[in-house]
Amino acid sequence: MAVEGFVFFILNLLIQYRFFMDNWFTKCPQTTVRDEDEDVAAERQRVYDGASKTDILQIRDLSKTYVGRKRAAVDRICVGVPAGECFGLLGVNGAGKTTTFKMLTGDSDVSSGEATVAGYSILTEILDVHQNMGYCPQFEAIDELLTGREHLYLYARLRGVPECEIPRVTEWGIQKLGLTEYAGRCAGTYSGGNKRKLSTAIAMIGCPALVLLDEPTTGMDPHSRRFLWNAIMSVIQDGRAVVLTSHSMEECEALCTRLAIMVNGTFKCLGTIQHLKYKFGDGYVVTMKMKAARAGVSLDLEPVESFMESSFPGCVQREKHYNTLQYEIASSSLARIFQLVVANKERLSIEDYSVSQTTLDQVFVNFAKQQTAEDEDATLNKRTAGRRKDVKILPLQRRTQKQRDDGHVEFRAANELCGVDLTLVSCSCGALDEADELISAAVGEQ
Ligand SMILES: Nc1ncnc2c1ncn2[C@@H]1O[C@H](COP(=O)(O)OP(=O)(O)OP(=O)(O)O)[C@@H](O)[C@H]1O
Ligand SMILES: [Mg+2]
């Protein structure tokens, strides 16, 4: 009995100090997933190589198969989320987003794989993980009889905020999410939107290193949504990390530095918004406004039309009004479009022009089709996405370009929400390519 006791005590200590886990994980086999997108595979390799070790969240081959289900709800996903990043997890209903969150929070058992939050394992150090993580679940986990303020007090205590700091931290949460008016009322009487705000405030209280937000703005009015976006931005600017799921592409475009689209529990693509638009989007829409020679004289658009057809074979004319032409160009780079239009601007009497890109909606919708079509995985070919034709210019992003007197083109990219403001001046064709990339980096990646 004494020997048994001693052996089990030692075993207990070894488990507590992760002896088996550490040895096991270092020998963890590396998975190869067939037909995986190259960016998803590159992220997987980054995690395998240990390059994401310093990331706040590191997920390695995380999988979940529910009891009685044949197909995995989450299937060997790998990603690292560094400090200062808002990572978007997109996917249609049933793609596996909430299941991923539930595994990270310890609400659901992990079938295989591992994840760490601020260096703590979700398998062996879940209490430390909880200290470093805030979670806004998809469905409210609030006590109907407690007031908003009481909730924040409770969670601040649970997260280890020093007693003397709790009132200040609680008021910060109330103000940050615009709950001042309702803070003293029982949460059971809150509207849906206010419950979401309270859940988000709970996730943010105590400044955790990682904030997981599962559809935080569902049911929120536009003003409250903007309020919440600012709160999320402040978390990122604080050098912490956010993982966000949302069905609003506008929200993802405004907040996410990188995102992944999930289909059937796997990542189908991963990268910055700009990169995904470029890779899976339907190209660009060029709108040109022509100068009238004299008022009342009708314009001859024929030279511009033949210029477009010869310069961009396969381009599609979408609109033709009195002095305006709009084309969709699928097979050219932004740099080449700028280069040709700028070079021929005077000759063709183009007064003004703009180039806009496929929206994230279009990219998403095409991935979404894959999940509804059938259970099996299918790979999306580059540029087969984005068949929907309505293109909009993002409200929070500005991109302008102008020809300078010295013949160079000046590009300006700005994302007001992220505070990015970048100006580039072209000097050669190479620089135009570079400008393309830099604009993408600035607007998409902050
Ligand atoms: N408790 C459960 N038992 C069995 N299957 C489950 C359970 N919870 C989720 N699933 C299944 O796992 C898959 C992923 O579900 P999950 O809730 O993670 O999707 P989601 O991406 O969050 O979807 P939504 O956008 O609707 O919130 C679905 O097929 C779902 O039916
Ligand atoms: Mg969900």
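The basis for the numbers below is simple: all heavy atoms, side chains too, and nothing from hydrogens, waters or symmetry mates. In listed order, ligands and their atoms are each counted from 1.
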Derivation and outcome, side chain to side chain contact (heavy atoms under 4.5 Å, CB included), residues Tyr155 and Val161: CA-CA 9 Å; Tyr155 281 93; Val161 176; over 6 Å; no
Side chain to side chain contact (heavy atoms under 4.5 Å, CB included) evaluation trace for Leu210 with Val243: CA-CA 8 Å; Leu210 175 70; Val243 182; 4.0 Å; yes
- prompt: Is any N or O atom of Ala95, backbone or side chain, closer than 3.5 Å to an N or O atom of ligand 1?
  reply: yes
- request: I would like to know whether Ser234 and Lys176 meet side chain to side chain contact (heavy atoms under 4.5 Å, CB included); could you show each step before the answer?
  value: CA-CA 10 Å; Ser234 69; Lys176 200 83 189 156; 3.3 Å; yes
field: ligand 1 atoms in contact with Gly96 (distance to a heavy atom under 4.0 Å)
entry: 14 (C), 18 (O), 19 (O), 20 (P), 21 (O)
task: Look at atom 30 (C) of ligand 1 and say which protein heavy atom is nearest, naming residue and atom and giving the distance to 0.1 Å.
output: Arg69 NH1, 4.1 Å
task: Can you pull out the closest protein heavy atom to atom 17 (O) of ligand 1? Residue, atom name and distance to 0.1 Å, please.
output: Thr98 CB, 3.8 Å
- prompt: How close does the nearest protein non-hydrogen atom get to atom 23 (O) of ligand 1, and which residue and atom is it?
  reply: Gly94 N, 2.8 Å
query: Can you tell which part of Met262 has a heavy atom less than 4.0 Å from ligand 1: side chain, backbone, both or neither?
result: neither
query: Which protein heavy atom lies closest to atom 26 (O) of ligand 1, and at what distance to 0.1 Å?
result: Asn93 ND2, 3.0 Å
message: Does only the side chain of His247 get under 4.0 Å from ligand 1, or the backbone, or both, or neither? Count heavy atoms.
response: side chain
- line: One finds that the ligand 1 atoms under 4.0 Å from a non-hydrogen atom of Ala73 are 12 (O), 13 (C)
message: Distance under 4.0 Å to a non-hydrogen atom of Glu215: what atoms of ligand 1 satisfy this?
response: 25 (O), 27 (O)
query: Where the side chain of His247 meets the backbone of Glu215, is there a donor-acceptor pair that is under 3.5 Å apart?
result: no
field: Over 12 foreign heavy atoms within 6.0 Å of NZ, Lys102
entry: no
- line: Vertex the Mg ion (ligand 2), ends Thr98/OG1 and Gln138/OE1: angle to nearest 10° comes to 80°
statement: atom 10 (N) of ligand 1 sits nearest the protein heavy atom Tyr66 CE1, 3.3 Å
N-O pairing of Arg46 and Asp55 below 4.0 Å: yes
Lys277/Glu253 salt bridge by N-O under 4.0 Å criterion: yes
- request: Can you pull out the closest protein heavy atom to atom 25 (O) of ligand 1? Residue, atom name and distance to 0.1 Å, please.
  value: Lys97 NZ, 2.8 Å
message: Is it the case that atom CG in Asp221 sees more than 12 heavy atoms from other parts of the structure closer than 6.0 Å?
response: yes
message: To check your reading of the model: name the closest protein heavy atom to atom 18 (O) of ligand 1, its residue, and the distance in Å.
response: Thr99 OG1, 2.5 Å
field: Verdict with reasoning, Met220 to Phe227, per side chain to side chain contact (heavy atoms under 4.5 Å, CB included)
entry: CA-CA 10 Å; Met220 269 192 200; Phe227 218 78; over 6 Å; no
